[in-house]
Amino acid sequence: MFFTQTKKLSLLLASITILTLSGCNNSSDKKAVVIVPPPAPTPIVYSYEVTLVNLTQGQPMSPAAVILHNGGQLWKIGESASTSLEKLAESGDNSAVLADTMVLAGQGGAGILLPGASETITLSISDTQPMMLSLAAMLVNTNDAFTGVNAMQLSNMAMGDKVSFTTSTYDAGTEQNSEMMATIPGPAAGGEGFNAERDDIDKVSMHAGIVSKDDGLMQSALTQAERFDNPTLMVTITRTK
Amino acid sequence: MKIKTLSTVTAFLFASSISAVNAQQLEITVTNLTQGLYYTPLLVSAHPANMSLYTLGQPATSALQMMAEGGDISGLSAMLTTANANSTENPASGLLAPAMSTTAMLTTTDGNNYLSLVAMLLPTNDGFVGLNSWKIPTEVGTYTFTLNAYDAGTEANDEMITGGGAPSVSGIPAAPGGDGGTGASGVTMTETNTNVHVHPGNLGDDDLSAGKSDLSNTVHRWLNPVARVSVKVM
């Protein structure tokens with residue numbers, strides 16, 4: 001369609017030129033417009049590079065779940081966490097989030113993202129321009145803390161656009177922050193990951209941070225080395241296709 | 001005729017936008033938002049895009065280490081001078097006390113379109129407040145944002161006030177508020193994250209003559225953000 005219109009426009013321009021050159025001669029220029037059939041659509045690929053930097057001093061992060069979607073949210077403050085998010089936040093297992101029905105395309109991180117380390121994850125999707133990007137990763141030396149991005153709008157990102165920002169830390173609200181060895185799956189404790197029981201407030205909120213035994217919580221398996229302040233993750237998103 | 005007028009206007013717009021980028025007058029106000037931490041002399045600089053004072057998730061340079069461990073900005077300042085940056089140093093004429101503000105004036109020259117600032121936080125081992133390569137807007141106005149506290153990753157946060165401020169010398173140089181302790185055994189002797197990262201905060205304890213830390217857990221803690229910056233582009 002665009003092709004045809006361009007052609008019309010150039011004919012129009014040509015006729016204006018002729019008019020200008022020859023004065024009031026309006027008898028010529030009644031050519032038929034040639035309809036050019038539109039070319040067969042080639043698949044359009046949308047591609048995003050997501051670079052993560054773990055900004056914490058001593059909280060390794062579980063392999064991130066990065067997803068493209070057009071609706072839904074990974075979490076809502078004040079509402080109960082989904083079981084998929086609970087699994088990610090309590091055990092670091094991203095598979096349920098990546099398999100969620102709202103996911104158009106998803107990609108997991110290559111492995112544990114150590115404190116101070118960086119990783120770039122690439123996501124691609126054909127034919128559908130994704131509206132939103134979300135991601136989540138557990139801070140593994142905690143009971144159920146995670147950081148991430150919730151339903152960030154992507155639709156206004158043009159090719160080559162790049163955005164960079166930092167993210168805060170949330171509490172899934174599905175497991176009490178006892179900090180006891182048996183309840184924390186990270187290397188500082190080596191305890192249990194996912195447990196379906198919900199013995200906390202059962203609402204997602206911001207995380208208050210680690211107390212640690214160095215700060216007087218004697219039952220804690222954690223030390224000052226696992227304490228953190230926000231932000232905990234730097235995210236840079238580049239649209240490459 | 002019309003075309004000529006249009007191109008003249010375009011040329012004029014082009015020239016004026018270029019000149020706006022060439023030289024900018026900035027008034028930068030920094031507020032220490034903490035209740036119990038002091039800033040060492042600030043380094044505020046407009047510099048080219050191809051350099052930075054620090055990068056999150058990367059090791060600190062030795063110049064950054066000097067600033068973060070001892071408040072010495074001379075190394076970073078020399079680096080900026082080499083890059084033909086426009087810098088201003090120590091606008092507060094000494095330490096910037098908790099909840100106080102200071103204002104720095106800066107005139108930028110061609111290509112110095114990115115603003116950075118740093119100062120060490122006292123009392124910490126290697127904590128600093130930082131702004132990294134903020135793109136200076138060309139539009140006149142006042143732009144306000146907040147900054148976080150970072151850890152240079154170059155020194156374990158033992159929280160012992162020993163006077164140690166030189167690079168690779170352990171300990172905290174001083175607690176300027178006169179509210180630090182002595183006799184601590186040390187919070188930790190190791191720090192596994194040796195890249196620049198978000199500072200976890202001081203731990204402190206409630207014993208100023210012994211315990212693990214020479215810092216007070218009711219005075220020397222903070223939560224991000226630790227600074228508010230207001231940049232007036234004139």
Side-chain angles (χ1 to χ4, degrees), chain A residues 20 50-61 112-120 137 139-142 145 147 161-169 186-188 206-218 220 222-236, chain B residues 34 52 54-60 121 124-127 130 132-135 145-159 184-207 211-213 215 217-218 221-226:
Chain A
T20 322
V50 181
T51 300
L52 308 177
V53 185
N54 180 341
L55 299 178
T56 69
Q57 173 159 275
Q59 286 287 345
M61 289 177 186
I112 291 279
L113 186 65
L114 291 171
S118 310
E119 176 184 13
T120 298
L139 280 65
V140 300
N141 287 324
T142 67
T147 186
D161 278 3
K162 181 170 153 178
V163 287
S164 191
F165 52 91
T166 55
T167 65
S168 290
T169 314
M206 295 287 287
H207 199 284
I210 292 300
V211 182
S212 84
K213 65 181 167 213
D214 284 330
D215 204 14
L217 182 63
M218 296 324 290
S220 176
L222 307 176
T223 70
Q224 54 78 34
E226 283 80 43
R227 294 174 75 238
F228 62 86
D229 189 4
N230 287 320
T232 47
L233 184 69
M234 183 160 77
V235 181
T236 305
Chain B
T34 72
S52 59
Y54 63 92
T55 305
L56 294 176
Q58 297 292 322
L121 298 169
T124 68
N125 286 86
D126 59 343
N132 183 13
S133 302
W134 179 71
K135 190 153 198 290
F145 46 89
T146 57
L147 304 179
N148 295 322
Y150 299 103
D151 186 311
T154 54
E155 184 177 311
N157 296 332
D158 66 9
E159 301 189 7
S185 60
V187 166
T188 181
M189 297 301 144
T190 57
E191 186 169 304
T192 51
N193 188 348
T194 53
N195 290 339
V196 180
H197 55 275
V198 172
H199 202 294
N202 284 334
L203 181 68
D205 61 26
D206 59 358
D207 187 344
K212 289 183 293 250
S213 172
L215 307 181
N217 58 11
T218 57
R221 288 195 180 182
W222 73 84
L223 290 174
N224 284 325
V226 295

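By convention in this document, chain letters (A, B, ...) are assigned in the order of the sequence lines, proteins followed by strands, and residues within each chain are numbered from 1.
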### Message
Return the CG to CG distance between B:Asp151 and A:Asp229, rounded to the nearest 0.5 Å.
### Response
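Rounded to the nearest 0.5 Å, the CG-CG separation comes to 12.0 Å.
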
### Task
Rounded to the nearest 0.5 Å, what's the gap from CG on B:Asn193 to CD on A:Gln59? Could you check?
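If I round to the nearest 0.5 Å, the distance is 11.5 Å.
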
Heavy-atom distance under 4.5 Å to chain A: side chain of [X], backbone, both or neither?
{"X": "B:Asn224", "result": "both"}
{"X": "B:Asp205", "result": "neither"}
{"X": "B:Asn195", "result": "side chain"}

### Message
Can you tell me which portion of A:Asp214 sits under 4.5 Å from chain B's heavy atoms? Options are side chain, backbone, both or neither.
### Response
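Both parts, heavy atoms under 4.5 Å.
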
### Query
Which region of A:Gln57, side chain (C-beta onward) or backbone (N, CA, C, O), has a non-hydrogen atom less than 4.5 Å from a non-hydrogen atom of chain B, or is it both or neither?
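Looking at A:Gln57, backbone and side chain both touch chain B.
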
With respect to chain A, which residue among [options] yields the maximal number of heavy-atom pairs within a distance under 4.5 Å?
{"options": "B:His197, B:Lys212, B:His199, B:Glu191", "value": "B:His197"}
{"options": "B:Leu203, B:Leu56, B:Asp206", "value": "B:Leu203"}
{"options": "B:Thr190, B:Asn217, B:Thr194, B:Thr188", "value": "B:Thr188"}

### Message
Within the structure provided, determine whether A:Pro231 and B:Asn148 are in side-chain contact (heavy-atom separation under 4.5 Å).
### Response
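Yes; the side chains approach each other to less than 4.5 Å.
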
#### Entry: Greatest number of heavy atom pairs closer than 4.5 Å to chain B - which of A:Ser118, A:Pro115, A:Ser212, A:Gly209
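Heavy-atom pairs under 4.5 Å are most numerous for A:Pro115.
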
### Query
What are the two closest heavy atoms between B:Gly57 and A:Val53, and how far apart are they?
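Scanning both residues, the minimum pair turns out to be CA-CG1, 3.7 Å.
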
